[in-house]
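Single-structure report; data block below.
Chain identifiers are assigned alphabetically (A, B, ...) following the order of the sequence lines, protein sequences preceding nucleic acid strands; residue numbering begins at 1 within each chain.
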Amino acid sequence: MTLKLVVRRSTEIAEGIREIVMTRPDDGPLPAHPPGSHVVVDCGPQRNAYSLTNCGIDPGAYTVAVLRRPTADGGSGGSEQMHRFQPGDRVALSPPRSAFPPVSTARRHLLIAGGIGITPLLSHARNAVRWGADVRLLYVHRPGAGAYADELSELLGERAQRVTEKSEFSVLLRQALVSQPMGTHLYVCGPAALMDRVLQEAAAAGWPPQRLHLERFTPAELDPGQPFTASLGRSRRQVSVPAGTSLLEALENAGVEVPNMCRQGVCGECRVPVLAGRPLHRDEFLSEDERVAGDSVMCCVSRSETETLEVDL
Amino acid sequence: MTTAAARRSAALSSRIAGFPFPFRADTYRYSTNVEPARVPVATEAGGWGGGILDIDGEYAAELAERERILAADPTRLTVLPHMRPACWDALRTLLRELAAQHPDMMELRRDGDELVWRNELLGIEQRFRDGDDDTLPGGPLGFLGSQIQDDIVLLDQREGSLWADAGLVTFAADWSLHFDVGMRFLEVHGPVPRVHEEGVISRAERFLMRLQPGQEYRRTNWTMSVDRRLDQSTEVYPLWGRDRRLIAEAPADELAERLQLRVEVQHLIRLGASGAVLFLIRTYLLSLAELAQVPAWRTRFGRVLAELPDDMAEYKGLTRFRRAAADWLLPDS
């Protein structure tokens, strides 16, 4: 599913950072989402993931903040395209996906942001304030590039610390890691080097890994896969399965009925016996042994490693 | 026919027409039988499943029954403190769902910093502030339970597991919300036979944990019970356990009138704002006598009961009467 939205506003909110606000063409309600969610935006030839900074309860608009990052070869990366969007432009994006949510049972939420990594943590901060949760923020950024500095200080007051000096950040990080109440969860987002450093120092300070969370983007969907041919052993027919079409869909299009339910590789309903060829298993249903045996395939998600997969249909 | 009798007959047929007959074959085993929600299912008698919430002829009676049960045992509504955002999320999501399905009778609108809920089927208008528990009778989950027939469980996702941390359950089939609350998904399902060896539960949990905001699935489950008693919670076992033992000895007509196929339509929805998994359980009862008005159902359910392995029959509490029920359903075999 793709959302087709309209850019309503694009504003430079800090050096090299633009905030882009998108709504439905009719300004209707958008899907709600947890704090820390991201959307995958079609920006030119690329698809980039951006964190949503807006409150996820009944959102009327999605807001992202994009740091302009020219590619190493001087070409135009997805962020260039994002910076070029003008009010009124159409933009296609995925529905929100949640991969960095707050832990509801945390006694305290310690948010650590580096530069543009503030974006998912801004929505965390908003959510914590709304529900009266205990929250602290440590935010380090280059001078002049402190996106959302005013919002954060209004939202969190003394609970936010913002620095531009690396040495000062080092001191505050060390203090923060040894002064939290038991049951605090730590969330970090920023450049890879900063995240590695925070996680290392936290581990050294005795934080259990289950209390440490970092923004990881998960693949939005199963990849479209390679095309292959399904050879139907009983009816002696050849059904071609293009990239992006599942084996189940290809069979259905060819008028071959296969019992199915979840179409997500979970329920086991659409299992089809394999006579020849090697299946590429992408389901959750088959056990390791069954995968190795390779004599059946869940046709709703799985594909073929060989050019032809002969099935008993 | 008298007017009262005509009304009874109409109610009866709508109950049969909307009944979610769950069997896809003449045998039954556990499986992770999830499918996308909102897909209508045609049955031999009618159909079901076009929406998430189903308001039917039992609406007023079942809500009154829930109110009575809750008054007698407030623990049927249990919310761990960290689940407040999820409860509000469930309330907003499902009131909106009701309003979308019944725009002539129900409406949720914003009025300044308040929300106003109107439900003409119940003749109520309720103003409240989003997120303020004190502005709604029963709090968000208690109030939601006074508007929909479904039982409600909310699962929190953390530490690589789902946790059953809040719920309003008055129509449990032989389990107890108050006992299960705070447990992991795997622990809640600990007593179910076969499913652990077969990996059904852990597969279901992985599936649920991957649901993205707004995704909606459903499954059915079934058991049997005696009389149209929705509340078969562990807490009130003395009130219904005895009938399960005695019904097997009843004359055939009484057995067919009193013994019910009990079907749950369960919805699994990843709530958007809170990220909690909303688990709705809507219970339908149909007596064997009613079921037998649809010959295909009569035969199929009879075969399922006759073939069901002993451990599954035992877990579902059918051991004492399933032979008698199968014999009644399959008189020629």
Q: Begin with the C-alpha distance, continue with both residues' side-chain angles, and end with the deciding distance and a verdict on side chain to side chain contact (heavy atoms under 4.5 Å, CB included) for B:H82 and A:V103.
A: CA-CA 9 Å; B:H82 63 272; A:V103 174; over 6 Å; no
(Q) Before you tell me yes or no, could you show the steps for B:Q212 and A:H33 under side chain to side chain contact (heavy atoms under 4.5 Å, CB included), namely the whole-Å CA-CA distance, both residues' side-chain angles and the distance that decides it to 0.1 Å? (A) CA-CA 9 Å; B:Q212 286 297 325; A:H33 56 84; over 6 Å; no
Q: Let me know which of A:P95, A:P31, A:P34, A:P101 forms a side-chain contact (heavy atoms from CB on, under 4.5 Å) with B:P213.
A: A:P34
Q.
I need the contact set between residues 21-29 of chain A and chain B: heavy-atom distance under 4.5 Å, sorted by residue number.
A.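 From residues 21-29 of chain A, none sit under 4.5 Å of chain B.
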Q | Partner chain A: residue of B:R24, B:R219, B:Q157 with the largest heavy-atom pair count (under 4.5 Å) | A |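 The option with the most such pairs is B:R24.
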Q) So which of B:G214, B:G272, B:A86 has the biggest tally of heavy-atom pairs under 4.5 Å with chain A? A) B:G272
Q: Specify the closest pair of heavy atoms between B:A273 and A:G56, including all atoms of both residues, with the distance to one decimal.
A: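 Closest pair (atom of B:A273, atom of A:G56, distance): CB-O, 3.8 Å.
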Counting only non-hydrogen atoms closer than 4.5 Å, does [X] touch chain A with its backbone (N, CA, C, O), its side chain (CB onward), both, or neither?
| X | answer |
| --- | --- |
| B:R210 | side chain |
| B:R218 | neither |
| B:W88 | side chain |
| B:R270 | neither |

Q: Report the distance from atom CG of B:L271 to atom OG of A:S98, rounding to the nearest 0.5 Å.
A: 12.0 Å
**Q.** From CD (B:E35) to CD (A:E269), nearest 0.5 Å
**A.**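 It comes to 9.0 Å.
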Q.
Please check if the number of heavy atoms outside B:H102 that lie under 6.0 Å from its NE2 is greater than 12.
A.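 Counting other residues, nucleotides and ligands, NE2 of B:H102 exceeds 12 neighbours.
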Q) Restricting to pairs with a member in residues 125-136 of chain A, which pass salt bridge (Lys or Arg N to Asp or Glu O under 4.0 Å), not counting sequence neighbours? A) A:R108-A:D134, A:R130-B:D130, A:D134-A:R136
Q: Given side chain to side chain contact (heavy atoms under 4.5 Å, CB included), test A:T105 with B:M83 step by step and report yes or no.
A: CA-CA 9 Å; A:T105 50; B:M83 295 303 279; over 6 Å; no
(Q) Looking at B:R203 and A:D283, is there a salt bridge between them, counting it only when a charged N and a carboxylate O are closer than 4.0 Å? (A) no
Q. Is a salt bridge present between B:E159 and A:R211, judged by a nitrogen-to-oxygen distance below 4.0 Å?
A. no
Q) At a heavy-atom separation under 4.5 Å, does A:D58 approach chain B through its side chain, its backbone, both, or neither? A)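 For A:D58, the contact with chain B is made by the side chain alone.
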